[in-house]
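Quick one: the structure is below, and I'll ask about it shortly.
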Amino acid sequence: MKRSSLPVLLLLAGAAWTAGQAVLPDMGTAWSDRLAAVAADRPMQALATALFALAGVLLVAAAVVAGRADVSGRGSGLMRAGTVMLGLGGVWLAAGRGAFNLHMYQLTDPAIGREAAETVANADVGPGFLPLVLTLPALLLGPVVLAAGLLRARRAGALPWAALACWLLGIGAFVATEFTVKATEVAGIAVATVALVLLGRALSRPEEETAPAAVPGESVAVRG
């Protein structure tokens, strides 16, 4: 029985994402609070940056593997679109959130005054950043689209339903408490990781478990 690496890649990506969120000191609803939190623990900010980048790379790799899955018929378009969005979501984690974390790390350098750091943090980044920002909705909606495709295709039984519920619950909890409640942030990403693994299992299950179909009317020889 051939095993797919997709669930493992998604598990590792989610684990790196969860760990990065856990060690990230960037907390607070105002720039002054967030910069102060990062300045107080710059090594953890650097570690979080690396973990987010790793999570993004692993998510892109998972999307490449998922793109090779055998999908056809009902729901195939949604599954392919969800896979592409998953890869773009990896770009956000590595080049979007990871780069932002690095930016916060640089702004808290002792050589930079706090007033200047806050001015830069509040500055308009301009339209050049827009293409990268568009990868964030891909991260948030990609698993939803992928689950919808699996449900339309009626593949993998209840796994897509469980994945969809975990993703909506996890991401919803994270978005509702981002920068304010660390425990809920981390728990939300952990639950979202469960959703990613379930999606990986659902998408790879036909490859792993499909058996040759019986031919109608075929007789079975019984040896006496």
Side-chain angles (χ1 to χ4, degrees), residues 4-29 33-66 85-109 132-133 135-144 146 162-201 203-204:
S4 171
S5 60
L6 180 58
V8 176
L9 285 170
L10 288 171
L11 173 61
L12 294 175
W17 187 6
T18 304
Q21 199 64 48
V23 302
L24 183 69
D26 185 357
M27 294 291 289
T29 56
D33 296 332
R34 295 174 63 181
L35 287 167
V38 173
D41 204 348
R42 298 184 77 239
M44 287 297 99
Q45 181 75 9
L47 176 59
T49 300
L51 288 169
F52 276 108
L54 176 61
V57 170
L58 288 168
L59 206 56
V60 171
V64 172
V65 173
M85 294 171 73
L86 200 63
L88 291 173
V91 173
W92 167 255
L93 283 178
R97 188 57 198 266
F100 175 78
N101 289 346
L102 180 59
H103 179 62
M104 292 289 285
Y105 177 84
Q106 292 173 322
L107 288 178
T108 54
D109 188 295
L132 187 57
V133 171
T135 60
L136 176 56
L139 174 62
L140 298 178
L141 298 177
V144 176
L146 185 53
L164 183 59
C166 286
W167 183 260
L168 294 176
L169 176 63
I171 291 300
F174 171 77
V175 170
T177 60
E178 189 177 14
F179 302 123
T180 58
V181 184
K182 174 60 69 177
T184 311
E185 278 187 352
V186 177
I189 299 303
V191 173
T193 296
V194 174
L196 291 176
V197 175
L198 292 176
L199 285 173
R201 289 289 299 160
L203 194 59
S204 59

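We number each residue from 1, following the sequence as shown.
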Heavy-atom closest contact (Thr177 atom, Ala173 atom, distance): OG1-O, 2.8 Å
Reported CG-to-CG distance for the pair Leu88 and Leu136, which is rounded to 0.5 angstrom: 11.5 Å
Considering all heavy atoms of both residues, which atom of Ser204 and which atom of Ser4 are nearest to each other, and what is their separation?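 Ser204 and Ser4 have their closest heavy atoms at CB-CB, 3.3 Å.
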Using side-chain contact (heavy atoms from CB on, under 4.5 Å) as the criterion, list what pairs up with Leu141, not counting sequence neighbours.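 Leu141 satisfies side-chain contact (heavy atoms from CB on, under 4.5 Å) with Met85 once adjacent residues are dropped.
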Once salt bridge (charged side-chain N to carboxylate O under 4.0 Å, His left out) is applied, what residue pairs with a partner in residues 86-96 remain, sequence neighbours excluded? none
Partners of Val8 by side-chain contact (heavy atoms from CB on, under 4.5 Å), sequence neighbours excluded?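 So Val8 forms a side-chain contact (heavy atoms from CB on, under 4.5 Å) with Leu12.
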Stepwise side-chain contact (heavy atoms from CB on, under 4.5 Å) check, Val144 with Leu164: CA-CA 6 Å; Val144 176; Leu164 183 59; 4.0 Å; yes
Between atom CG of Leu132 and atom CZ of Phe100, what is the distance when rounded to the nearest 0.5 Å? 12.0 Å
Begin from the C-alpha positions of Asp33 and Met27 and carry the test side-chain contact (heavy atoms from CB on, under 4.5 Å) through to its verdict. CA-CA 7 Å; Asp33 296 332; Met27 294 291 289; over 6 Å; no
Per the salt bridge (charged side-chain N to carboxylate O under 4.0 Å, His left out) rule, what does the pair list look like for residues 181-196, sequence neighbours excluded? Lys182-Glu185
Using side-chain hydrogen bond (donor to acceptor under 3.5 Å, both in side chains) as the criterion, list what pairs up with Thr108, not counting sequence neighbours. Arg42
What distance separates Leu198 CG from Leu203 CG, expressed to the nearest 0.5 Å?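 Here the rounded value is 12.5 Å.
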Going from CZ on Arg34 to CG on Leu107, what distance comes out if it is rounded to the nearest 0.5 angstrom?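 If we round to the nearest 0.5 Å, Arg34:CZ and Leu107:CG are 11.0 Å apart.
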What distance separates Leu146 CG from Leu196 CG, expressed to the nearest 0.5 Å?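 Result: 9.5 Å between the selected atoms.
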Over all heavy atoms of both residues, which pair between Gly89 and Leu59 is shortest? Give the atoms and the distance, please.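 So the two residues come closest at C-CD2, 4.0 Å.
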Please tabulate, for side-chain N and O atoms in residues 44-58, each donor-acceptor pair with protein atoms closer than 3.5 Å (sequence neighbours left out).
| residue | atom | partner | partner atom | Å |
| --- | --- | --- | --- | --- |
| Gln45 | NE2 | Asn101 | O | 3.0 |
| Thr49 | OG1 | Gln45 | O | 2.9 |

Keeping to residues at least two apart or across chains, list the salt bridge (charged side-chain N to carboxylate O under 4.0 Å, His left out) pairs with something in residues 85-102. Arg97-Glu178
Does anything in residues 191-200 pair up under side-chain hydrogen bond (donor to acceptor under 3.5 Å, both in side chains), and if so which pairs, sequence neighbours excluded?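 Every side-chain hydrogen bond (donor to acceptor under 3.5 Å, both in side chains) pair that includes a residue of residues 191-200, provided the two are not neighbours, is Thr18-Thr193.
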Aromatic plane relationship, Phe174 with Trp17 - under 30° parallel, 30 to 60° tilted, over 60° perpendicular: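 Correct class here is perpendicular.
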With Ala37 via side-chain contact (heavy atoms from CB on, under 4.5 Å) - residues at least two apart: none
Going through the distances and angles, do Leu199 and Leu86 end up as a side-chain contact (heavy atoms from CB on, under 4.5 Å)? CA-CA 11 Å; Leu199 285 173; Leu86 200 63; over 6 Å; no
Kindly compute the distance separating OG (Ser5) from CG (Leu10), expressed to the nearest 0.5 Å. 9.0 Å
Tightest non-hydrogen contact, residues Trp92 and Val133, listed as CZ3-CA, 4.3 Å
